[in-house]
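First comes the structure, then the notes that go with it.
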Amino acid sequence: MKAIVRTSLEPGCMEIQERPIPEIAEDEVLIKVKAVGVCGTDLHIYNGNVVTGTDVVIGHELSGVIDKVGAKVTKVKPGERVVSRLNVGVCGTCKACLSGNPQMCEHRTCPGHWVDGAFAEYMKIDEKQLLTFSDGLSFEEAAFTEPMACVATALLERTKVMPEDIVVVFGPGPIGLLAAQMAKNYGASKVIVVGTAPDKELRLPLAKKLGADITLVSGEDDVEKILSDLTNGEGIDLAVDCSGAAPAINSCLRMLRKLGRMCVIGLPGRREIPIEWKTAAEKSLEVIFSYSSTPTSWNTCLSMLERGAIDVKSMISHKVALEDFKEVFAATGRGEVIKAIIEP
């Protein structure tokens, strides 16, 4: 089979290779991969900014069809359409696992990082990770389940959108566009999406199409004054940072009302960034960090997709074959892509 393989930790060291179709164990299934989303993390891996294993197949936002099942597999069968959670190798007995958060188990291994992932014609996984979906949902749409689950865990399960919240989302990439839609669906009275100048052509107009009440351009609009005026000087209820950029993070802290809430989804490029800690303390803010996704968030997101509650079709700007991954990674890095789907 063909697969995109990371050959070393240096930037750009990925290539198409011919690999054997994976052999499955008794509790595993073989998935014929139909669609895989290109995640920002995949681009960071390609650019040499994220450590993974080498000689590893990259990719993790997948949907596909079960091709073969192991002898002890009972819950799914060949021909079913599936998405896959990513909690490989979890222990099941630590506090994280027992509290319903296996994504935080220290034994967890994520496909596309340390074990072979989904940028391939086939991928194997244990059956406990799988969720089935109906014929009414396309493979391309279903491939959004993983990034949606990350947003749902952060925004809906951990931070929580309250009725009539005024919500500001910084960063109109795929995660920010999903967050804006979820906030609106879960009762926000107003959703404001803030981007930068390169977002004016593609992403901010799409944010408006997907339901944002207001879009603003940081560096051109006086974002903090506009939102202060909107709230009569009180401040917004909930800020969602999907950018990982220090200026945006500090702007969130300043624009929040006292006792406001901040949902942190974006990851900064550096380990340390300057944060206005005292601003957060003086306002008694709740700042909620979130990483990866709970198993329950996947069920929530598949339901939203199958009900049409979230529009992901409009976010797909590119569909390409495995062989075209370098071109689509480069276009993503230039900000010319909203969401790319690779179809093995």
Side-chain angles (χ1 to χ4, degrees), residues 3-6 9 22-31 33 36-46 49-64 70 72-73 75-76 82-120 122-132 142-159 175 244 263-268 271 288-302:
I4 301 172
V5 179
R6 188 179 197 185
L9 298 182
E23 295 288 334
I24 59 173
E26 291 182 324
D27 62 346
E28 292 180 327
V29 305
L30 183 67
I31 299 172
V33 179
V36 196
V38 175
C39 176
T41 301
D42 298 322
L43 184 61
H44 290 318
I45 292 171
Y46 182 70
N49 297 324
V50 173
V51 176
T52 67
T54 55
D55 199 33
V56 167
V57 179
I58 307 304
H60 57 276
E61 298 181 0
L62 75 139
S63 67
K72 292 185 178 179
V73 171
K75 295 181 180 179
V76 292
V82 293
V83 294
S84 178
R85 301 182 183 107
L86 307 173
N87 301 319
V88 176
V90 299
C91 70
T93 58
C94 67
K95 185 174 285 189
C97 287
L98 293 175
S99 65
N101 293 282
Q103 78 279 5
M104 301 309 296
C105 176
E106 62 182 53
H107 301 286
R108 175 185 184 250
T109 299
C110 180
H113 289 74
W114 299 99
V115 296
D116 285 341
F119 285 154
Y122 293 89
M123 173 181 152
K124 69 175 182 177
I125 198 88
D126 71 272
E127 71 164 330
K128 296 190 296 295
Q129 307 302 325
L130 299 177
L131 291 172
T132 60
F144 278 82
T145 310
E146 193 277 336
M148 280 183 65
C150 292
V151 176
T153 297
L155 185 59
L156 306 182
E157 294 186 355
R158 291 180 55 77
T159 312
I175 295 296
C263 175
V264 183
I265 307 178
L267 291 175
R271 178 64 57 180
I288 308 296
F289 294 85
S290 188
Y291 184 79
S292 192
S293 56
T294 62
T296 51
S297 65
W298 286 68
N299 300 74
T300 298
C301 292
L302 262 186

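The chain is numbered in sequence order, starting from 1. Small disclaimer: the values here were computed from a predicted structure and weren't measured.
Under the side-chain hydrogen bond (donor to acceptor under 3.5 Å, both in side chains) criterion, T109 pairs with no residue, sequence neighbours left out. For Y46, the ring-ring contact (aromatic ring centres under 6.0 Å, His included) criterion is met by F329, not counting sequence neighbours. In terms of the side-chain contact (heavy atoms from CB on, under 4.5 Å) criterion, residue partners of T132 (sequence neighbours excluded) are, by chain and number, V76, E80, V82. Partners of K124 under the side-chain contact (heavy atoms from CB on, under 4.5 Å) rule, at least two apart in sequence or in another chain, are P22, I24, E28. In terms of the side-chain hydrogen bond (donor to acceptor under 3.5 Å, both in side chains) criterion, residue partners of S293 (sequence neighbours excluded) are, by chain and number, W298. For K72, the salt bridge (charged side-chain N to carboxylate O under 4.0 Å, His left out) partners are E26, not counting sequence neighbours. In this view, S290 satisfies the side-chain hydrogen bond (donor to acceptor under 3.5 Å, both in side chains) rule with no residue, not counting sequence neighbours. Residues satisfying the side-chain hydrogen bond (donor to acceptor under 3.5 Å, both in side chains) test with N299, not counting sequence neighbours, are R85. Residues satisfying the salt bridge (charged side-chain N to carboxylate O under 4.0 Å, His left out) test with E127, not counting sequence neighbours, are none. With sequence neighbours excluded, the residues that form a salt bridge (charged side-chain N to carboxylate O under 4.0 Å, His left out) with D55 are R19.
Nearest heavy atom pair, residue V57 against residue A118, reads CG1-N, 4.4 Å.
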Check residues 93-100 and write down every donor-acceptor pair under 3.5 Å in which the side-chain atom is one partner and the other belongs to a residue at least two apart or another chain.
residue, atom, partner, partner atom, Å
S99, OG, K95, O, 2.9
S99, OG, A96, O, 3.0
S99, OG, N101, ND2, 3.1

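Put simply, the side chain of L62 reaches to within 4.5 Å of the side chain of M123, judged on heavy atoms.
Evaluation of the salt bridge (charged side-chain N to carboxylate O under 4.0 Å, His left out) test over residues 104-115, restricted to residues two or more places apart or in two chains, returns none.
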